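Heads up: numbering here begins at 1 and tracks the sequence. Please read all numbers here as calculations on a predicted model, not as lab measurements.
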Amino acid sequence: MIWLLTAAGLLGCGLIGLVRLRRRLLLVTVEGVSMEPTYRPGDRLLARRIALAGVRRGAVVVVAAPPGAAPTDPPFMVKRAAALPGDPVPAGIPVPDAAVPPGRLVVLGDNADRSADSRTMGYLLAADIVGVIIRRIPN
């Protein structure tokens with residue numbers, strides 16, 4: 001009887017831990033070539049859910065697809081955080097400001113010739129950040 005109660009308790013703790021872990025982590029599959037050569041289409045990435053305050057310049061982030069994206073597009077984009085609020089706007093970004101405004105960020109794909117990013121979309125909202133890439137998951 002004690003063994004059964006112990007097993008049930010361990011199973012319950014494990015399930016609670018799994019639910020908490022799932023709230024903190026996200027598995028994303030790379031769609032498209034915008035992050036080549038760093039990440040290729042089909043690469044699976046593990047991301048830690050995080051807000052803008054936890055993002056560092058140069059980090060690879062997962063952001064929600066902007067409004068107006070095609071319905072066939074993936075719900076997330078993987079991009080590099082190029083400039084955070086208060087940073088100078090990188091060259092080639094068509095925005096009127098000299099510095100990134102509060103609550104916004106500039107993201108760029110590593111494959112500049114084939115990336116839909118802040119060069120075409122302008123700033124992204126900080127609220128659209130879903131997470132930061134931790135590592136690639138081997139296939």
Q. Do Pro90 and Val106 have side-chain heavy atoms sitting under 4.5 Å apart?
A. yes
Q | Separation between CE of Met121 and OG of Ser115, rounded to the nearest 0.5 Å | A | 7.0 Å
Q | Side chain proximity check, Arg49 to Leu26, heavy atoms < 4.5 angstrom | A | yes
(Q) What verdict does the side-chain contact (heavy atoms from CB on, under 4.5 Å) test give for Val132 and Val55, after you've listed the backbone C-alpha separation in whole Å, the side-chain angles of each residue and the deciding distance to 0.1 Å? (A) CA-CA 7 Å; Val132 173; Val55 176; 4.1 Å; yes
Q | Gap between atom CG of Leu27 and atom CD1 of Ile137 - 0.5 Å precision | A | 6.0 Å
Q) Atom NZ of Lys79 and atom CD1 of Ile129: how far apart are they, to the nearest 0.5 Å? A) 14.0 Å
Q) Can Leu125 be reached from Val63 by stepping across I, L, V, M, F, W or Y side chains whose heavy atoms are under 4.5 Å apart? A) no
**Q.** Shortest non-hydrogen contact between Gly109 and Asp117, atoms and distance
**A.** N-OD2, 2.9 Å
Q) Roughly how far, to the nearest 0.5 Å, is CZ of Arg80 from CD1 of Ile133? A) 10.5 Å
Q.
Is it the case that the side chain of Asn111 and the backbone of Val33 share a donor-acceptor pair, with hydrogens and angles ignored and the cut-off at 3.5 Å?
A. yes
Q. Is there a side-chain contact between Tyr123 and Val89, using heavy atoms and a 4.5 Å cut-off?
A. yes
(Q) With a 4.5 Å cut-off on side-chain heavy atoms, are Met77 and Leu124 touching? (A) yes
(Q) side-chain contact (heavy atoms from CB on, under 4.5 Å) for Asp97 and Arg104? Distances and angles first, verdict last. (A) CA-CA 12 Å; Asp97 309 306; Arg104 307 285 177 149; over 6 Å; no
Q) Can you find a heavy atom in the side chain of Val60 that is under 4.5 Å from one in the side chain of Val78? A) yes
Q: State, with a plain yes or no, whether a side-chain heavy atom of Leu108 is found less than 4.5 Å away from one of Ile93.
A: yes
Q: Quick one: closest heavy-atom pair of Leu105 and Ala81, and the distance?
A: CD1-CB, 4.3 Å
**Q.** Minimum side-chain heavy-atom gap Met35-Asp43 below 4.5 Å
**A.** no
(Q) Could you measure the distance from the OH atom of Tyr39 to the OG1 atom of Thr29? Nearest 0.5 Å is fine. (A) 13.0 Å
Q: Can you see which heavy atom on Arg136 is nearest to which on Leu45, and at what distance?
A: CA-CD2, 3.9 Å
